[in-house]
Amino acid sequence: MSTIAAIEPRRAGLKWGAVTSLGVIAGYLAVLLADPRHYYTDDTEAQYAPMWVALGNQLREGRLPILVPHEWMAGNYTLEEAGLLNPAHLLVFLIAPSMDDLALYATLVKLAFSIIAGLGVFRICLAYGARAPWAAVAGVAFPLSGWFLFFDEASWFTPHVATAWMVHAWASGVNYARGRSGPIPLFVFLYLTLTVQYAFPAVESALVIVAVAAGEIVHQQRWAPAVRLMLASGCAALTAAIANLSGILSSQVTWRGSAQIHNDPFLTVPWSESLNASLPSTTPAFTAWWGHVQPLPMVYIAWFLIPALAFVDWRAARRSAREFSGIAFFATAVLMWTAGPGAIGPLRWPARVLPMVAIALLVLVCVLLSRYGTFAASRRRMVAGGVLIGLLFVRSFSAAPLLALRHLIAAVVVAALGFAVVWLARHRGIVAACALTMVAMFPIAFTQVAIAPLTPLSYNFPEKRSEMRAAFPDFDGLTLQLADRAIIAPEDRSLAGAYGSLAIGNYAKALELDYVNAYTPIGHTGIAGLLCMAWDGSTCPDAFRRAFADEPSTGIPVVDLMKVDRVVLHRAQYPDARNHPAPPGWQWADYRGHERFIWVLERQGGPASTRDGAIAHTSGVTATSTGSYDDITTRAKVSSATGGRVVFSRLTWPGHRVTLNGRELPTFAVARSFLAVDIPPGTQNAELVVDWRPPGWQIGIGTAIAGLAGLGVLQWAYLRTRRPTDDAPEVAEPVVAEEMAEATS
């Protein structure tokens, strides 16, 4: 077989790209037949889908919701993986408020990004010279790989969508380095990846670019293509910096502020497990939520991946190995990452990198099969394939001996499928062999999802917002809930149970109610410590005492500093609370039909959140404020003869600026949480303005301008090199292989 990479005709690429899309859809349907809620679980139901509704409502009202003050530690959306500067995210947000069935909407959104991811893997294979049918095999296989299917697609939307853009950046990077396209596609896909605002894909993208650049130096024996690739990637990073600087510059007040590197066994994957990629029944052995043996095929990639190595002409492959060395560099890097350390600053749980292992190995194997596959009758190769399958069985048996029969059946199925694919390749051609390879993925995915245990991470939230609103109390104003999700009994996780009265995670956002509690993976250490509030909005039993205790420097309760109008108590956490008198200034309120799960305290004299804007407390100052408690910018007229203090119902997020008649005042934190300023003596009817902008936004504008300017220069240089001169002949286009061999030997 020729070792020269053929470039597929555009028509073949489009046709097999369509096949890839249809294959992803078919795999998606197979998963949904096994579990209709597979793509609506854990963080998707508790964090993302309700957040889409809330942000969509803000956008429809003409506001870019960079900060929603009433959500307190979850309301800084420059940190909350919202992707407010990502056009695709904005479209998802804008549509969300019109969708009643959140499970259906999340499933459709994820299908779109799964198709994008599959097409990205397809494009990487083509960029390295794979023939279109094998590229389609890789594109269909990736969305059905273990970790991506059971975690990123099912729950963690942010890495799901970031990976979908990143694989296109990889393909575009190879094409740019090899002169097949300009820098704009690489720039666009990297920008979309980096503006998702998630640390893992940012680092993974950097690894991809470095690996591709190093691979092109090895392949082309020239530095210039790699330098151009790095410059274009740098331009994308500069442009996307405006979306990420706030998170970096605010990290010191969040849970993610640690820069420590440490190791622990949780979700650290031994190499022996991460390479056990082709047995569908695999139950890897490493520490995670289920103990030491995992009931999900987390490390599974594709049934054909490992056995196919027996049908590669390795002698021919070695002669052009430099051409796809970039894939090997990336695969080596991510394999090392999966094995630890357990945390590198905010990058915890190395198993999250398993989709990168899947991409690298799928691309590498499918490129090898496409260009160096040999399916002629060979007892030696059949025996080698059988030995590889046997090794897969031994590894899976070693991890979970009690499932030996299941692993044995899986090994027999993989062997039978492999034999059938080889027979088809020899007698019906590569297209037929690739078709069977893809079709076999769908019943495997169905079986894997059908036999998988119910995840302990699921919240089992209702699906339809109209039903949620009908069952829930109509709480106006601002509500603080003191509850613990962990003590809600499984049988009560329904609308007829606790979800008709309690708002866990971002549940209140789907109801379009204003709650302090919300889901946040970032957090704010001050307010979280003050109310012992967790990432899902849950609080400890001591939260009630803390919320109504006087803050020492102001002498008023924390709930008054927060200006909440209502406190909802989880009855299971505070069973006898109603037997005690209400705190001063509060009264018990009755909400018929909800007494089984909640006690409700409301303010006497009406809501506090609608009075005095963001001003929560004054000492030695008279102040008159206007506006809403949710306004990012708030103004007040203040006077103080002898000097005093103003405390705002605002978290001390970096980026706040307070001015008095245009002169900036130093700010400080009360109880490590509340923004406060001192008013100088002699102040008379002065204008006090509190404003907030994401820290680093001016720098971000500058870097964005520099990035776009750099892109313009690179695009000009690319077009200039492609323009023929009068003195030089036109450079011939690469030879295109119009027909592909039906079988190779």
Side-chain angles (χ1 to χ4, degrees), residues 46 50 53-54 70-72 100 102 459-519 531 533 536-541 543-548 557-560 562-611 629-630:
V53 175
H70 82 259
E71 293 175 13
W72 288 86
D100 183 49
L102 290 181
Y459 290 71
N460 198 36
F461 278 175
E463 299 174 1
K464 293 187 176 180
R465 294 170 57 221
S466 57
E467 296 176 356
M468 295 159 66
R469 284 193 296 263
F472 209 84
D474 187 16
F475 289 152
D476 58 356
L478 182 59
T479 300
L480 169 65
Q481 177 180 277
L482 306 179
D484 185 1
R485 175 176 72 100
I487 62 175
I488 299 176
E491 62 271 17
D492 289 331
R493 296 178 183 178
S494 66
L495 271 182
Y499 294 154
S501 305
L502 290 168
I504 304 297
N506 282 344
Y507 194 87
K509 298 180 186 180
L511 298 167
E512 301 181 27
L513 298 176
D514 290 347
Y515 265 62
V516 170
N517 310 73
Y519 191 109
L531 293 176
M533 187 174 287
D536 61 355
S538 294
T539 54
C540 69
F544 180 78
R545 182 195 63 81
R546 298 185 187 194
F548 285 93
V558 169
V559 288
D560 290 350
M562 298 181 74
K563 301 187 71 172
V564 297
D565 304 316
R566 179 182 300 100
V567 177
V568 172
L569 304 178
H570 188 182
R571 185 167 175 174
Q573 195 173 38
Y574 305 100
D576 63 342
R578 189 66 186 262
N579 297 328
H580 299 277
W586 295 79
Q587 62 188 7
W588 294 109
D590 294 320
Y591 284 85
R592 295 187 180 279
H594 301 278
E595 300 90 344
R596 180 185 167 196
F597 295 101
I598 59 174
W599 307 121
V600 181
L601 283 166
E602 293 186 346
R603 285 189 183 272
Q604 296 174 346
S609 60
T610 57
R611 298 194 299 264
Y629 64 91
D630 249 0

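The basis for the numbers below is simple: all heavy atoms, side chains too, and nothing from hydrogens, waters or symmetry mates. All figures in this text were calculated on a predicted structure; none of them were measured in a lab.
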Visitor: For R611, which residues count as a side chain to side chain donor-acceptor pair (under 3.5 Å) partner, sequence neighbours excluded?
Guide: none
Visitor: Could you list all the side-chain hydrogen bond (donor to acceptor under 3.5 Å, both in side chains) pairs where at least one residue sits in residues 466-478, not counting sequence neighbours?
Guide: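 Every pair satisfying side-chain hydrogen bond (donor to acceptor under 3.5 Å, both in side chains) with a residue in residues 466-478: D100-S466, D476-R566.
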Visitor: Would you confirm whether E71, through its side chain, and V516, through its main-chain N or O, come within 3.5 Å as a donor-acceptor pair?
Guide: no
Visitor: Mind checking side chain to side chain donor-acceptor pair (under 3.5 Å) for N506 and listing every partner two or more places apart, or none if nothing turns up?
Guide: K509
Visitor: Which residues pass the salt bridge (charged side-chain N to carboxylate O under 4.0 Å, His left out) test with R603, sequence neighbours left out?
Guide: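 Testing R603 for salt bridge (charged side-chain N to carboxylate O under 4.0 Å, His left out), a comparison that skips the adjacent residues, returns D560.
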Visitor: Within the side chain of R465, is there an N or O that forms a donor-acceptor pair under 3.5 Å with the backbone of L102?
Guide: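 Answer holds: no.
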Visitor: Apply side chain to side chain contact (heavy atoms under 4.5 Å, CB included) to A503 and list each qualifying residue two or more places apart in sequence or on a separate chain.
Guide: F472, Q481, Y507, A508, Y515
Visitor: Does L531 offer a backbone N or O that forms a donor-acceptor pair with the side chain of R546 under 3.5 Å?
Guide: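 No, R546 side chain to L531 backbone: no donor-acceptor pair under 3.5 Å.
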Visitor: Output the distance between atom CG (L502) and atom CZ (R493), rounded to the nearest 0.5 Å.
Guide: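 The CZ atom of R493 is 12.0 Å from CG of L502, to the nearest 0.5 Å.
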Visitor: Ignoring hydrogens, what is the shortest heavy-atom contact between L569 and W588? Give both atom names and the distance.
Guide: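 So the minimum-distance heavy-atom pair works out to CD1-CH2, 3.9 Å.
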Visitor: Just to verify, which of L482, I598, I488, I504 counts as forming a side-chain contact (heavy atoms from CB on, under 4.5 Å) with H570?
Guide: I488
Visitor: What pairs with D565 under side chain to side chain contact (heavy atoms under 4.5 Å, CB included), at least two apart in sequence or on another chain?
Guide: L478, P607, A608, S609
